[in-house]
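Order of the sequence lines sets the chain letters (A, B, ...), proteins ahead of strands, with each chain counted from 1.
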Amino acid sequence: MKPASFDYHRPQTIEAALDLLARYGEAAKPIAGGQSLGPMLNMRLARPEHLVDLNDLVELDYVRETDTELEIGALTRHHRVANAVEVGRSHPLLASAASTIGHYPIRQRGTLGGSLVHADPAAQLPLIAVLGNAKIIVRGQSGTREIEAGDFFKSVMTVDLRYGEMVIAVRFPKLLPGTGWAFDMFSRRRGDFAIVAVAATLRLGDEGHQPVIEMALGGVDAVPLRLDLGDWFENRDITAAGWTREAAAHVAATISPEDNKMVPADFRREIADMLCENVLTAAIARARGETP
Amino acid sequence: MSEARLISLTVNGETRETLVEPRRLLSDVLREDFALTGTHVGCEHGVCGACTVLIDEKPARACLTYAIQMEGHEITTIEAVSDAGLSPLQRALHEEHGLQCGFCTPGIVMTFEAFLRDTPDPGEEEVRDVLSGNLCRCTGYQNIVSAVMKAAAEMREAAGD
């Protein structure tokens, strides 16, 4: 549990960090909170020659609101994402999901940018980013790119990030007024990786209008899976008794999770079924202004 | 590459120097270089919580921190907690039988010293959630929860005086 040797760099500006990342390319690894990379280094699953410590780039630790968006700097710790007034007000789903990451001391160190770049298929923040069409702001020496979360996650722990680039911020569209939301996850131990995580946002729609339901699942595919259930939802009364049960069963039948000895696909599907029902029920309650 | 460097760390208010390779864990430097063996080492990948210390007053895993990263930050270890006798939290752990072998205790104390400063009046559910980050194989956790609740009440009372 001791890491292999690495050289250590501690840039004081974003430009200096980008310079180091460009210079060392695939031999370099940026470290922020280190709550995912630390274990990988200690177990020697990662052996970078150069560790570029981003913790002095405090200008990337911020939460900012515009009329329509919530912009959060990449170095913002999970504890702040979970507790910032601005997040609670304009994206309570993000706050709720962030409050379930790891444990209390882990959330004091782990960062938004780190979690997205690490891209664990069952992690909370990638799921919320994909569900809400967040934009990931990436900077390299050749300029800034803005990537839709749905395109950012490529595969298990693989994202659209080139050597020499780093995530600097994320822009989450705010939840519209009247939006019901919910997040739920199942893990074998508190603070452990989720086996399945589910998030949803939902608006009931006025008289004669279809409700709008967005739903995404983590842990059932290589990347967070955003479901397009528009056709299925059409002409169904989502407030009718038994609807959430029916919808959850439909979702569980739609997904095709990986089958392995540790977690059989059927088990994962059952968990997804249960979580979907919980999440839809809670989101409908919130959309009605009730406390789930 | 990765030659040892002389670094200067602030630990429990004291500035100390040591020669480290960049890969040295903060937990190892505290124990081996500074003889602060109250910080225990369990899993060395962030799960067990035994090595929890405070970095700039916030709890963090010393095993997921490289000592070289800590220049310019303030480290607080269990040795600083009982400077003037047991802290209210330590006393409550003693009175409620919140430990048996004591291996996990320093990590628990550091976590909750910080948590109770931020959250003086926690609910039991909240305490259990925070405690999930510290593995204890002796107590079954019940007495630790009681101790934290008791310490919180005592600290609130003391602050109100």
Side-chain angles (χ1 to χ4, degrees), chain A residues 1-10 12 24 27-56 58 61 77-80 82-83 99-110 114 187-193, chain B residues 1-5 7 20-28 41-73 107-108 110-112 114-115 118-119 122 125-135 141:
Chain A
M1 294 299 184
K2 311 291 183 192
S5 281
F6 53 75
D7 215 347
Y8 176 75
H9 308 269
R10 191 163 166 176
Q12 298 301 302
Y24 296 118
K29 195 85 191 158
I31 187 164
Q35 304 301 290
S36 298
L37 181 57
M40 292 181 71
L41 291 168
N42 289 4
M43 292 190 259
R44 303 198 181 195
L45 297 169
R47 294 163 163 259
E49 284 172 40
H50 299 271
L51 201 62
V52 179
D53 190 343
L54 305 179
N55 281 286
D56 284 347
V58 289
D61 179 357
R77 317 280 168 181
H78 303 321
H79 185 73
R80 183 166 178 196
N83 292 288
S99 74
T100 68
I101 299 171
H103 307 284
Y104 183 74
I106 304 295
R107 294 193 290 274
Q108 310 291 328
R109 297 293 296 168
S187 61
R188 288 205 168 105
R189 291 158 292 267
R190 182 76 72 103
D192 201 352
F193 298 104
Chain B
M1 58 168 279
S2 66
E3 272 171 31
R5 290 195 223 173
I7 61 166
V20 296
E21 269 189 79
R23 65 175 174 151
R24 285 293 296 294
L25 306 180
L26 176 62
S27 43
D28 288 340
V41 171
C43 71
E44 287 191 329
H45 61 283
V47 172
C48 78
C51 70
T52 305
V53 298
L54 305 187
I55 299 174
D56 301 329
E57 310 209 320
K58 291 179 178 147
R61 305 298 200 224
C63 75
L64 297 185
T65 309
Y66 303 102
I68 199 166
Q69 295 184 279
M70 288 296 104
E71 280 197 294
H73 296 279
I108 288 173
M110 297 319 286
T111 302
F112 282 97
F115 174 73
D118 267 6
T119 319
E125 244 336 279
E126 230 175 327
V127 169
R128 286 180 182 276
D129 179 54
V130 174
L131 187 55
S132 72
N134 294 82
L135 297 182
Y141 301 107

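With a 4.5 angstrom heavy-atom cutoff, B:Gln69 touches chain A via backbone and side-chain atoms both. In this structure, chain B has a heavy atom under 4.5 Å from the side chain of A:Ile106, while its backbone stays farther away.
More than 12 heavy atoms of other shown residues, nucleotides or ligands fall within 6.0 angstrom of atom NZ in A:Lys2. B:Glu125 CD: 12 or fewer foreign heavy atoms inside a 6.0 Å radius. Within a 6.0 Å sphere centred on OH of B:Tyr141, heavy atoms belonging to other residues, nucleotides or ligands number more than 12.
Top candidate by heavy-atom pairs under 4.5 Å with chain A, chosen from B:Asn134, B:Val130, B:Thr52, is B:Val130. When each of B:Asp28, B:Leu131, B:Val47 is checked for heavy-atom pairs under 4.5 Å with chain A, B:Asp28 comes out on top. Between chain A and the residues B:Pro59, B:Ala114, B:Gly72, the largest count of heavy-atom pairs under 4.5 Å involves B:Pro59. Each of B:Cys63, B:Pro22, B:Ala60 has some count of heavy-atom pairs under 4.5 Å with chain A, and the biggest count is that of B:Pro22.
Between the side chain of A:Arg190 and the backbone N or O of B:Arg128, no donor-acceptor pair lies under 3.5 Å.
For the atom pair CG (A:Leu51) and OH (B:Tyr66), the distance works out to 7.0 Å, reported to the nearest 0.5 Å. Once rounded to the nearest 0.5 Å, the distance linking CZ of A:Phe6 with CD1 of B:Ile68 reads 8.0 Å. To the nearest 0.5 Å, atoms CG (A:Asp53) and CD (B:Glu71) are separated by 11.0 Å. Considering CG of B:Asp118 and CD of A:Gln108, their distance stands at 7.0 Å, rounded to 0.5 Å. With values rounded to the nearest 0.5 angstrom, A:Met40 atom CE is found 13.0 Å from B:Leu64 atom CG.
Contact of the A:His79 side chain with the B:Lys58 side chain is not registered, since no non-hydrogen atoms from C-beta on lie closer than 4.5 Å. Looking at heavy atoms from C-beta onward, B:Ile55 lies in side-chain contact with A:Arg109 at the 4.5 angstrom threshold.
Between A:Tyr8 and B:Arg5, the closest heavy-atom pair is O-NH2, 2.6 Å. When all heavy atoms of B:Glu44 and A:Asn42 are compared, the closest pair comes out as O-ND2, 3.1 Å. Closest of all the heavy-atom pairs between B:Arg23 and A:Pro3 is NH1-O, 2.9 Å. In terms of heavy-atom proximity, A:Met1 sits nearest to B:Cys43 at CG-O, 3.8 Å.
Taking a cutoff of 4.0 Å between a charged side-chain nitrogen and a carboxylate oxygen, B:Asp129 and A:Arg107 qualify as a salt bridge.
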